[in-house]
Enquirer: 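My questions will all concern the structure given below.
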Amino acid sequence: MPFLAVLLILVGLFFGIGGLFDLFVGTLKLVFYVIAILFLGGGIMMLLRKIRS
């Protein structure tokens, strides 16, 4: 019986840590997407200004 309890605790910890890690990775991805969009926007704006002038 204690073995089953330890197994359940370990599985719970594994999934909990996995969920936290996934959340962290998701946040990092979101930050990377925001940076990419800013760089793309800035580059397009610079190109448009060069074309206009």
Side-chain angles (χ1 to χ4, degrees):
M1 203 68 173
F3 174 73
L4 189 66
V6 169
L7 190 71
L8 282 171
I9 289 164
L10 284 173
V11 169
L13 280 171
F14 176 75
F15 278 108
I17 291 163
L20 279 172
F21 186 72
D22 203 45
L23 191 73
F24 181 68
V25 169
T27 306
L28 274 181
K29 276 184 187 172
L30 190 70
V31 168
F32 274 111
Y33 279 129
V34 168
I35 291 166
I37 289 162
L38 285 172
F39 270 98
L40 279 168
I44 289 163
M45 284 295 210
M46 284 177 82
L47 280 173
L48 283 173
R49 280 182 188 164
K50 279 185 178 178
I51 289 162
R52 277 183 189 168
S53 58

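All values reported here derive from a predicted model rather than from experimental measurement. Below, all heavy atoms of this structure are taken into account, side chains as well, without hydrogens, waters or symmetry copies.
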Enquirer: Assigning hydrophobic clusters by single linkage (Ile, Leu, Val, Met, Phe, Trp, Tyr; side-chain heavy-atom cutoff under 4.5 Å), is Leu38 placed with Leu30?
Expert: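 No: no chain of side-chain contacts under 4.5 Å links Leu38 to Leu30.
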Enquirer: For the CZ atom of Phe3 and the CG atom of Leu8, what is their distance to the nearest 0.5 Å?
Expert: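 That separation rounds to 10.0 Å.
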Enquirer: Would you give the length of the straight line joining atom CG of Leu47 to atom CD1 of Ile51, rounded to the nearest 0.5 angstrom?
Expert: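 Leu47 atom CG to Ile51 atom CD1 measures 5.5 Å (nearest 0.5 Å).
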Enquirer: Please report the interatomic distance CG(Leu28) to CZ(Phe32), rounded to the nearest 0.5 Å.
Expert: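 Taking CG in Leu28 and CZ in Phe32, the distance rounds to 6.0 Å.
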Enquirer: Starting from the C-alpha separation in whole Å, work towards a yes-or-no answer on side chain to side chain contact (heavy atoms under 4.5 Å, CB included) for Phe14 and Leu10.
Expert: CA-CA 6 Å; Phe14 176 75; Leu10 284 173; over 6 Å; no
Enquirer: Calculate, to the nearest 0.5 Å, the distance between atoms CD1 and CG belonging to Ile17 and Asp22 respectively.
Expert: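 Going from CD1 on Ile17 over to CG on Asp22, the span is 13.5 Å.
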Enquirer: State which residue, out of Val11, Leu13, Val6, fulfils the side-chain contact (heavy atoms from CB on, under 4.5 Å) condition with Ile9.
Expert: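 Of Val11, Leu13, Val6, side-chain contact (heavy atoms from CB on, under 4.5 Å) with Ile9 is met by Leu13 alone.
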Enquirer: At what distance, to the nearest 0.5 angstrom, does CD1 of Ile44 lie from CE of Met46?
Expert: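 It comes to 12.5 Å.
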